[in-house]
Amino acid sequence: MRTAIINQLKDQVAGLGGRVYQAFLAPANVQKPYATVKMAGERGDLRIPWATHPAVEVRLYNEKNSFIPLDALEKECITALNGVSLNGKHQLRWVPGGTDFEDIQLGLIGRLINFRATVINE
């Protein structure tokens, strides 16, 4: 699923220019803005015992000059992933409530976007 999400963002979010990486694995000298994808846990479905709902975090990073470009990228990412079926197996839903953040270690600002996937385990 991680690979499918990364590929979807690379293909559908022009503002990222293909710069989408697994969490914590972006090159140190990567051009900004860029995104990372993190699988952030999984919960079961109370009604369907063979279904799970993995959490997915997309983090957008940019230089410390403005959050406005991140606003536009957030919209592109939501459009690219929300309600889309990936590999015919996984469907993502945007979870409202993302947030701005500062990554002091990287010296960058960012935006967190949350999604939940629905996975039917056969």
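All of these numbers come straight from a predicted model, not from anything done at the bench. Note that the numbering runs from 1 along the sequence shown for the chain.
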Are side-chain heavy atoms of [X] and [Y] found at a separation under 4.5 Å?
X	Y	value
Thr36	Gln22	no
Val56	Lys38	no
Ile109	Asp100	no
Val84	Gln91	no
Pro27	Tyr21	yes
Asn62	Leu108	no
Thr3	Ile6	no

Point-to-point distance, once rounded to the nearest 0.5 Å, from [atom1] of [X] to [atom2] of [Y]:
X	Y	atom1	atom2	value
Leu70	Leu60	CG	CG	6.0 Å
Arg19	Lys10	CZ	NZ	11.5 Å
Leu92	Leu86	CG	CG	5.0 Å

- Can you name the ring-ring contact (aromatic ring centres under 6.0 Å, His included) partners of Tyr61, sequence neighbours left out? Tyr34, Phe101
- Could you list all the salt bridge (Lys or Arg N to Asp or Glu O under 4.0 Å) pairs where at least one residue sits in residues 65-82, not counting sequence neighbours? Asp71-Arg111, Glu74-Arg111
- Kindly say whether Gly98 contributes a backbone atom to a donor-acceptor pair with the side chain of Asn114 at under 3.5 angstrom? no
- Message: If you count heavy atoms of other groups shown closer than 6.0 angstrom to CD1 of Ile68, is the number above 12?
- Response: no
